[in-house]
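Some notes on the structure that comes next.
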Amino acid sequence: MLSPKLLLVLAALLAGNVVNALWPLPRSITTGPTGLVLSPDFKIEVKGPYPSDLQPAVARTLSYIRNDKHERLVVGRGSVDTTAIKSAKQLRSLVVTSKGSETIATEARAPLGTRDEAYVLNIPSDGSPATLSANSTLGLFRGLTTFSQVWYTHDSSIYTVEAPISISDSPAFPYRGFMLDTARNYFSVDVIKRQLDAMSWVKQNTFHWHIVDSQSFPLVVPGYEAISSKGAYSSEEIYTPSQIADIVRYANERGIDVIAEIDTPGHTSAISKSFPEHIACPEASPWTTYANEPPAGQLRLASSDTIKFTTGLLVNAAKLFPGNYFSTGGDEINAKCYADDPKTQEALAASGKTFEQALDVFTQAEHRALKDTGKTAVVWQEMVLSHQVTLANDTVIMVWISSADAAAVVQKGFRIVHAPSDYFYLDCGGGGWVGDFPTGNSWCDPFKTWQKAYSFNPYTNISESQRHLVLGGQQLLWTEQSSPNNIDPIVWPRAAASAEVFWSGPGGNGQAALARLHDHAYRITQRGIRAIALQPKWCALRPGKCDLKA
């Protein structure tokens with residue numbers, strides 16, 4: 001005869017229960033077969049040091065739990081749990097033990113590799129207090145995020161059917177990010193904050209903000225206000241210093257560092273509207289000859305006046321962002337633009353330098369100025385693989401053209417962030433965005449599914465001795481065809497795929513992960529994210545039934 005405990009396990013399996021519908025999957029977790037209900041007067045108690053932004057995080061956690069109204073994704077939804085709910089003990093409190101005195105925001109901005117995001121969460125099945133402990137406030141925040149994902153709602157009950165739950169968790173990689181381009185199309189502060197919320201729910205910790213580009217310059221930089229005044233799309237489509245401070249604070253309090261990027265020397269045409277003396281080939285035609293995207297225009301890197309201008313711009317911009325990192329870009333530099341620019345050719349001739357030597361001087365001046373402000377430089381892969389540029393050993397390199405390029409960068413001894421177009425570009429597969437090109441497709445076709453991103457192995461072709469150079473990775477959205485109207489379904493829940501790869505580690509079971517990702521997508525939809533459907537709902541309610549071999 002089957003024991004009552006085994007009967008409960010079988011009942012859960014027959015109901016389609018997905019063990020631990022958490023995203024990302026904790027590194028170590030055990031669960032049980034018992035129902036547990038939150039008491040109507042459930043509370044979260046904090047013991048120990050009390051950093052100022054921990055209590056708001058606690059309040060948000062309680063709000064999510066009470067307002068998610070997310071039913072389990074099983075046939076019959078929450079009604080299949082009625083018996084378990086009726087017999088369940090009540091959980092009255094979560095006791096949070098804080099050992100750190102720093103705020104979440106402060107710890108989120110610490111240098112990569114020094115942040116402690118580990119936590120231990122225990123939820124008994126007998127109604128005794130649940131416990132959450134960590135050596136850092138940031139770790140507590142990650143644990144609160146997990147705790148908020150445990151619960152489902154049916155009628156007036158908030159419950160789990162998997163108690164007891166024991167989790168010991170920490171990230172596999174220090175960098176887990178998302179990049180948003182706000183230059184090709186503008187995104188309001190509220191839209192950006194919504195993405196930051198969604199990032200925090202999957203424990204991403206870095207917002208790479210590609211804030212300006214050739215098309216527009218929405219960043220208001222003190223001392224250089226003329227650039228945004230003439231280079232933004234409108235006086236409303238800008239980011240003022242106070243708005244920047246608001247976004248950075250919002251991100252930091254959600255465990256996310258902000259790495260801003262002012263791409264140089266390419267992708268700078270917008271500056272020509274206010275400082276034309278510093279830009280070569282502004283809006284030259286045909287643009288395909290002088291740039292990868294319209295409009296053409298690059299900083300006159302061989303000019304000492306332009307170097308002074310650029311370093312001043314970067315220093316003043318960097319002061320708006322309190323983190324340790326700032327990106328100077330360095331991708332897609334167009335040689336033809338400089339070859340056809342008389343002033344650049346005159347400057348090169350006068351100095352006796354080649355283009356590559358001038359680029360080296362330009363880049364070193366930029367990075368020296370940033371270092372003096374306490375910033376570590378971040379660049380795209382071309383600075384290592386395509387040009388003869390001297391970079392400090394601590395420079396962070398973003399590998400984007402192909403995942404196959406990562407090994408070559410690591411072999412040169414640099415730390416890398418995986419951002420490959422063949423796995424992590426969210427804009428691929430949208431068709432051609434240029435005009436009068438009916439047969440055109442996006443250059444990085446096909447559409448990058450969540451499964452493709454989830455299959456990524458950060459250590460491919462990287463030796464054991466070089467693995468410490470892999471900081472992590474990010475998914476990216478270039479916004480030629482994105483706006484506030486469609487950003488959510490383009491990004492979510494696909495961007496959650498890399499979040500799990502770099503938190504839980506590579507090699508996850510994609511077939512098993514789909515049920516959890518469904519659960520996460522439905523939950524964040526309840527929280528206001530307009531996530532795309534991954535399958536028909538019939539499939540979401542029946543894990544595995546829509547597999548090819550089902």
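- Taking the six-membered ring for Trp, Tyr459 and Phe173 have ring centres closer than 6.0 Å.
- Under the 3.5 Å distance criterion, the side-chain polar atoms of Trp23 are matched with a main-chain donor or acceptor of Ala496.
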Could you list the donor-acceptor pairs under 3.5 angstrom formed by side chains in residues 374-381, with sequence neighbours left out?
residue: Lys375; atom: NZ; partner: Ala318; partner atom: O; Å: 3.4
residue: Lys375; atom: NZ; partner: Phe321; partner atom: O; Å: 2.9
residue: Lys375; atom: NZ; partner: Gly323; partner atom: O; Å: 3.1
residue: Trp380; atom: NE1; partner: Glu261; partner atom: OE2; Å: 2.7
residue: Gln381; atom: OE1; partner: Trp400; partner atom: N; Å: 2.9
residue: Gln381; atom: OE1; partner: Ile401; partner atom: N; Å: 3.0
residue: Gln381; atom: NE2; partner: Asp405; partner atom: OD2; Å: 2.9

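- Considering CZ of Arg60 and CG of Asp53, their distance stands at 8.0 Å, rounded to 0.5 Å.
- Looking at Ile333, Thr306, Leu301, Thr328 one by one, the single match for side chain to side chain contact (heavy atoms under 4.5 Å, CB included) with Thr264 turns out to be Thr328.
- Contact annotation: the side chain of Ser200 approaches that of Ile256 to within less than 4.5 Å [non-hydrogen atoms, C-beta and beyond].
- You'll find the side chain of Val202 reaches within 4.5 Å of the side chain of Trp492, heavy atoms only.
- The 12-atom threshold is exceeded at NZ of Lys193, counting heavy atoms of other residues, nucleotides or ligands nearer than 6.0 Å.
- Within the 4.5 Å cutoff, side-chain heavy atoms of Ile271 are placed close to those of Phe309.
- Using a 4.0 Å cut-off between a side-chain N of Lys or Arg and a carboxylate O of Asp or Glu, Arg254 and Asp197 qualify as a salt bridge.
- Distance check: Asp257 CG to Asn324 CG gives 7.0 Å after rounding to the nearest 0.5 Å.
- Aromatic pair Tyr186/Tyr239: centroids less than 6.0 angstrom apart.
- Every pair passing disulfide bond (SG atoms under 2.5 Å apart) that includes a residue from residues 443-500 is listed here, sequence neighbours excluded: Cys428-Cys444.
- Under the 3.5 Å distance criterion, the side-chain polar atoms of Arg494 are matched with a main-chain donor or acceptor of Lys448.
- Here the CD1-CG distance, from Ile211 to Leu219, works out to 4.5 Å after rounding to the nearest 0.5 Å.
- Aromatic ring centroids of Phe178 and His208 lie 6.0 Å or more apart.
- In this structure, CZ on Phe355 lies 10.5 Å from CZ on Phe362, to the nearest 0.5 angstrom.
- Residues Val191 and Ile487 are in side-chain contact: their nearest non-hydrogen atoms beyond the backbone lie under 4.5 Å apart.
- In this structure, Leu359 and Pro265 have side chains that are in contact, with non-hydrogen atoms separated by less than 4.5 Å.
- The six-membered or imidazole ring of Trp478 lies near that of His210, with a centre-to-centre distance under 6.0 Å.
- Side-chain atoms of Thr311 come within 3.5 Å of backbone atoms of Lys308 as a donor-acceptor pair (strictly under, hydrogens ignored).
- With Ser504 contributing its side chain and Val501 its backbone, the two residues share no donor-acceptor pair below 3.5 Å.
- At most 12 non-hydrogen atoms from other residues, nucleotides or ligands lie less than 6.0 angstrom from CG of Asn461.
- When the ring-ring contact (aromatic ring centres under 6.0 Å, His included) test is applied to Phe147, the partners found at least two apart in sequence or on another chain are Phe42, Trp151.
- Below 30°, between 30° and 60°, or above 60°: for Phe502 and Phe456 the angle between ring planes is between 30° and 60°, a tilted geometry.
- The closest donor-acceptor contact from the side chain of Arg415 to the backbone of Val396 lies at 3.5 Å or more, if one exists at all.
- Rounding to the nearest 0.5 Å gives a distance of 9.5 Å between CD of Glu500 and CG of Leu22.
- Contact of the Val399 side chain with the Val417 side chain is not registered, since no non-hydrogen atoms from C-beta on lie closer than 4.5 Å.
- Ring geometry for Tyr224 against Phe275 counts as tilted: the plane angle lies between 30° and 60°, on a 0 to 90° scale.
- Between the side chain of Tyr233 and the main chain of Ala183, a donor-acceptor pair closer than 3.5 Å is present.
- In this structure a side-chain-to-backbone donor-acceptor pair under 3.5 Å is present from Thr145 to Phe141.
- The shortest distance between side-chain heavy atoms of Met179 and Asp181 falls below 4.5 Å.
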